[in-house]
Structures are given as C-alpha cells and as structure tokens.
Amino acid sequence: TGKHLSRFGEGIGQCFRLERLDLNFWNNQMTGEHLGQFGKGVGKCLRLTSLILNFWNNQITGEHLGHFGEGIGQCSRLASLDLNLGKNQIISEVLG
C-alpha cells in the first residue's frame, strides 16, 4: 500500500551505491503524498543514473508531485528517467 512506499523510499535512500532502479507499483493505492516521500528517499541515491518507475492506475493527484520532483532532482547523475503516471488523478492545471 501507499504508506509502505514512504518507508520503502527511506530504505532505498540508504543504498548509496545504487546506480539503476526499476520498480513497478501499478494498480495500488498510492497517493501523491506517498510519491513525494518516496522521491525524497530516492533523491539520496546520488549515484543513480537510470530510474524507471511505473505508478500506473493509482490515486496520485498532482498535489505532491513537486516534492517528488525535488527529491529525484537531487540525483545529479541521473541520465535516464522513465516515469509512468498514467490513469491517475493528475489534472493539467497542476502540471502548469
């Protein structure tokens, strides 16, 4: 569930040598808040070069996407990002 995603992100954030991460969380009950916390954890993986995340068909709104972006934005070596947020509740006004 979504509450475990935040804890999972904290754990991932302690994997300092992690270079590639490919996760599939489709069809769960994740929210934008959970995604934001997850992004903060992933942002501690400073060696990360490739990130593939599938959050298709969850309950994510745009409310906390900024926190997610700020988190993964800390990954200065990130060269490849594949992010699937399809079939969520994100509206275009939030994305600007």
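- For Asn88 and Asn58, the side-chain atoms include no donor-acceptor pair closer than 3.5 Å.
- Side-chain atoms of Phe68 and Leu83, non-hydrogen and from C-beta on, do get closer than 4.5 Å to each other.
- In this structure, CD1 in Ile90 is found 4.5 Å from CG in Leu65, a value given to the nearest 0.5 Å.
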Please set out all donor-acceptor pairs under 3.5 angstrom arising from side-chain atoms of residues 38-51, sequence neighbours excluded.
residue : atom : partner : partner atom : Å
Thr49   : OG1  : Glu19   : O            : 3.1

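- Scanning for side chain to side chain contact (heavy atoms under 4.5 Å, CB included) contacts around Glu10 gives an empty result, with sequence neighbours left out.
- Taking CD of Glu63 as the reference point, atom CG of Leu35 lies at 12.0 Å (rounded to 0.5 Å).
- Interatomic distance, Glu33 CD to Thr61 OG1, rounded to the nearest 0.5 Å: 9.5 Å.
- Asn54 places a side-chain N or O within donor-acceptor distance of the main-chain N or O of Trp56, the cut-off being under 3.5 Å.
- Separating the CG atom in Asn24 from the CG atom in Asn84 is a distance of 8.5 Å, to the nearest 0.5 Å.
- A distance of 13.5 Å separates NE2 of His67 from NE2 of His34, quoted to the nearest 0.5 Å.
- With sequence neighbours left out, the side chain to side chain contact (heavy atoms under 4.5 Å, CB included) criterion links Asp82 to Ile52.
- One finds the CZ atom of Phe55 at 7.0 Å from the CG atom of Leu23 (value rounded to the nearest 0.5 Å).
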